[in-house]
Amino acid sequence: MDHTREIITFQLGTYANYVGAHFWNQQEANFVYTGQNESKLEAIEDQLPNNDILYREGLNDHHQTTYTPRLLSVDLAGTLGHLPLAGELYGNYVQRNADEDVQKTRQQVKESQLCSGDQLDVVEQPLASMSEYQKDLLKGSVAMDKDYRLTETANSWVDYLYARYHPRTLNIVQDVQRDSSIQALGLHSAGTEVWQSPAFNEDFCDRIRLYVEECDGLQGFHMLFDLDDGFSGLASKCLEHLNDEYNRASFVMPLYYPRITSYPQADTRTSHSIRVVNTVLGYYHLSEQATMFTPLSTLESIWRNNTLQSRHLPGLHFQSSNLYQTSAVLAAYMDTITLSYRLRHTPELLNRFCSRVFYSGRKMTSAGMALPVGMQRDQDLIEYLDQKATSDDNSSLLTPLTPNCDAGTSYVMQSVMARGIPLSRLKRPQEKAGPQLQMSAYSCNSISQMLQLYYQCSFHGSITNAASTPLPLKTQLPFPYDMFDESVAPDGYLQAPTNKEDVRVESAPLLAAIQSSSKLGDHLDALHSQTHRIQLSKLQAYSQSGLERDEYETALDHLLEFRDNYVDSQFL
């Protein structure tokens with residue numbers, strides 16, 4: 001009997017929920033509903049994800065069938081805005097009518113004869129603000145051609161969330177109020193304390209257990225979490241619990257904020273030091289607890305970086321510190337790279353996917369992506385790859401999304417996923433092929449086979465596993481389509497620049513890779529070099545939190561041991 005191979009997802013932290021909101025929006029953009037053209041459905045079935053891996057079917061209070069992410073999210077108080085803690089399960093959100101509520105309350109008091117209506121003072125909490133997009137979504141009148149200005153107005157991930165969550169999904173750290181100017185839950189140890197508090201731990205672990213009990217063939221966990229702050233401590237304890245209780249594969253993506261991180265009662269220099277300590281402790285536990293982890297950021301470098309130089313993805317222009325835009329970039333990567341084991345007829349499993357990349361203790365991997373793929377509208381893949389292979393500037397297909405790191409082109413183990421490139425764009429028919437017939441790649445009969453050959457020829461001593469699907473990345477609302485420049489056509493391929501403002505990118509081809517090489521040692525070296533400038537005793541916040549010097553020294557020693565895995569002799 002075939003099992004669904006379920007995966008449970010965790011989003012721990014504000015930025016993790018920004019990325020997660022885009023990720024789940026993307027899943028629902030690919031849903032195919034009953035009643036759609038059945039012949040069309042059969043034609044595209046193989047290229048669609050198996051949604052049952054990440055989603056669960058259930059019933060709401062009105063006995064209506066629901067389909068919601070198998071997800072547990074944690075964030076700070078004040079983040080949810082208009083969104084009820086129990087979620088908005090497929091339109092069951094009830095809007096308050098202030099006048100009717102007040103009149104109803106007065107009538108109930110009058111009938112109870114507790115006091116007369118004119119003696120009653122009603123103190124009403126104001127309604128939480130709601131973005132224009134959410135207002136239209138609630139009314140079922142979202143206009144795809146309307147400019148909701150989410151890039152400028154989105155103050156929380158709930159402002160653009162299209163997906164609807166299960167009532168057990170949302171969890172709030174009630175004692176910590178969100179502050180957009182600082183990391184309110186600032187320390188790794190603060191997150192550990194949240195996990196250990198009975199008020200949080202018992203309920204959260206029960207919710208995990210309920211999800212697990214619903215699964216027929218649980219294969220593992222996805223985890224997104226903010227590495228800069230206390231959510232790294234919460235994630236570490238959560239991973240420890242998952243390993244102790246369920247012993248399944250875990251693919252973890254720690255996230256760095258795309259802006260300078262500030263902490264309560266800490267100047268800029270102290271804030272840099274706290275960020276480094278949080279990362280050291282986070283990496284220490286990840287190297288022990290995670291099956292594989294891939295740090296993600298749109299920034300080139302992280303620690304003590306005051307310039308915040310952002311990565312450049314050709315064809316994209318995003319504001320380097322904008323949470324709504326940068327999280328969309330990272331969500332596009334996550335959605336694409338996980339397709340390797342989420343497509344309907346793939347034999348791949350999460351554990352096998354991880355083992356293809358990491359080896360010899362190299363649990364930390366790096367990310368690379370091309371969004372969009374730089375193919376011209378009239379260009380075939382064989383021509384594009386040949387152009388890249390013969391170019392003088394040695395330009396890579398991918399832009400790194402792991403800070404302080406470039407995987408290089410030698411002794412790399414990687415998994416590559418291409419999406420949105422149809423088989424018709426592979427090469428021209430033989431009678432029209434012309435110069436393509438002279439290329440060795442012309443014998444390739446699939447997108448994945450041609451990519452495999454390209455990396456075999458271009459990457460010295462490397463091992464590549466390539467896969468592909470014709471399914472493109474959907475870039476309509478609420479995805480920030482305004483990031484694409486004027487040289488990108490509506491289908492995501494490159495064209496002559498146009499100034500037509502009404503031309504919007506609706507989908508895009510994308511190439512994503514997860515990589516392991518000795519170059520990741522540079523990332524760990526950059527982190528360790530920053531620890532020499534830290535005197536833990538002078539970090540008042542950490543000294544008051546109970547972090548022992550011995551614990552920090554153990555983490556540092558382990559970081560050096562972990563770095564030893566990233567030398568070429570380990571590959572050879």
Side-chain angles (χ1 to χ4, degrees), residues 19 23 222 251-255 292-298 300 311-316 329-343 346 348 350 352-359 362-375 381 384-385 388-389 394-421 446-469 471-473 492 508-520 522-523 566 571:
V19 175
F23 176 78
H222 287 162
F251 178 27
V252 184
M253 285 158 277
L255 306 170
M292 182 174 70
F293 67 99
T294 307
L296 296 179
S297 176
T298 53
E300 287 187 359
R311 296 286 191 184
H312 174 61
L313 281 83
L316 284 188
V329 174
L330 300 184
Y333 171 80
M334 178 185 175
D335 180 44
T336 302
I337 199 63
T338 59
L339 283 175
S340 299
Y341 49 89
R342 292 195 296 115
L343 294 176
T346 179
E348 192 81 293
L350 175 59
R352 175 62 175 160
F353 169 77
C354 294
S355 65
R356 287 183 184 277
V357 182
F358 87 84
Y359 60 95
R362 294 184 175 186
K363 289 187 175 184
M364 187 180 76
T365 53
S366 64
M369 184 173 73
L371 173 63
V373 176
M375 291 173 58
L381 181 63
Y384 174 68
L385 294 180
K388 283 291 185 179
N394 294 320
S395 58
S396 173
L397 293 178
L398 306 170
T399 298
L401 290 181
T402 296
N404 297 90
C405 180
D406 188 335
T409 58
S410 298
Y411 305 123
V412 179
M413 290 189 70
Q414 62 180 351
S415 282
V416 179
M417 170 56 73
R419 69 185 304 178
I421 305 175
S446 69
I447 304 295
S448 57
Q449 188 180 8
M450 190 171 289
L451 282 171
Q452 198 97 22
L453 178 61
Y454 168 82
Y455 280 110
Q456 180 181 338
C457 297
S458 303
F459 279 35
H460 170 67
S462 299
I463 301 174
T464 298
N465 178 66
S468 66
T469 174
L471 180 71
L473 181 78
L510 191 153
L511 190 65
I514 187 166
Q515 303 169 313
S516 178
S517 75
S518 59
K519 292 291 186 179
L520 271 76
D522 296 341
H523 177 92
Y566 294 90
F571 189 94

Between the side chain of Arg419 and the main-chain N/O of Leu471, is any donor-acceptor distance below 3.5 Å?
yes
Closest heavy-atom contact between Ala418 and Ile447?
CB-CG2, 4.2 Å
Student check: side-chain heavy atoms of Ser516 and Tyr359 closer than 4.5 Å
yes
How about His222 and Tyr341: are their ring centres within less than 6.0 Å of each other?
yes
What are the two closest non-hydrogen atoms of Thr336 and Ala332, and how far apart are they?
OG1-O, 2.8 Å
Is there a donor-acceptor pair closer than 3.5 Å between any side-chain N or O of Glu348 and the backbone N or O of Ser340?
no
Looking only at atom types and distance, does a side-chain atom of His460 sit under 3.5 Å from a main-chain N or O of Thr409, one as donor and one as acceptor?
no
In the structure I gave you, are the side-chain heavy atoms of Arg352 and Asn465 within less than 4.5 Å of one another anywhere?
no
What closest approach, in Å, do Gly492 and Pro372 show between heavy atoms, and which atom pair accounts for it?
O-CB, 3.3 Å
Verdict with supporting geometry, Thr464 and Gln414, side chain to side chain donor-acceptor pair (under 3.5 Å)
CA-CA 5 Å; Thr464 298; Gln414 62 180 351; 2.9 Å; yes
Take Leu296 and Met334, measure what side chain to side chain contact (heavy atoms under 4.5 Å, CB included) needs, and give me the verdict at the end.
CA-CA 10 Å; Leu296 296 179; Met334 178 185 175; 5.5 Å; no
Trace of the side chain to side chain contact (heavy atoms under 4.5 Å, CB included) decision for Thr294 with Phe251:
CA-CA 8 Å; Thr294 307; Phe251 178 27; 3.5 Å; yes
Under the salt bridge (Lys or Arg N to Asp or Glu O under 4.0 Å) rule, collect the residues that match up with Arg311, sequence neighbours excluded.
none
Here the gap from Cys405 atom SG to Glu300 atom CD, rounded to the nearest 0.5 Å, amounts to 12.5 Å
Sub-4.5 Å side-chain heavy-atom contact between Met364 and His523:
yes
List the atom of Ser517, the atom of Ser410, and the distance in Å for their closest heavy-atom pair.
CB-O, 4.4 Å
A side-chain contact here means heavy atoms from C-beta on lying under 4.5 Å apart; do Arg362 and Leu520 qualify?
no
Atom pair OG1 (Thr402) and CE (Met253), whose distance is rounded to the nearest 0.5 Å
11.5 Å
Over all heavy atoms of both residues, which pair between Leu397 and Ala370 is shortest? Give the atoms and the distance, please.
O-CB, 3.2 Å
Can you measure from CG (Leu313) to CG (Leu401) and round to the nearest 0.5 angstrom?
6.0 Å
Look up atom OH in Tyr333 and atom CE in Met369, then write down how far apart they are to the nearest 0.5 Å.
9.0 Å
Nearest 0.5 Å please: distance from the CG atom of Leu330 over to the OG atom of Ser297.
7.0 Å
Verify side chain to side chain contact (heavy atoms under 4.5 Å, CB included) between Phe353 and Ser415, making sure each step is shown before the conclusion.
CA-CA 8 Å; Phe353 169 77; Ser415 282; 4.0 Å; yes
Please answer whether the main-chain N or O of Asp335 pairs with a side-chain N or O of Arg342 as donor and acceptor at a distance below 3.5 Å.
yes
Can you tell if the side chain of Pro254 reaches within under 4.5 Å of the side chain of Phe293, non-hydrogen atoms only?
yes
Determine the minimum heavy-atom distance between Gln515 and Val412, stating which atoms define it.
CB-CG1, 4.1 Å
Pro314 vs Thr399 side-chain heavy atoms within contact, under 4.5 Å
yes
When rounded to the nearest 0.5 angstrom, what is the spacing between OH in Tyr384 and OH in Tyr454?
8.0 Å
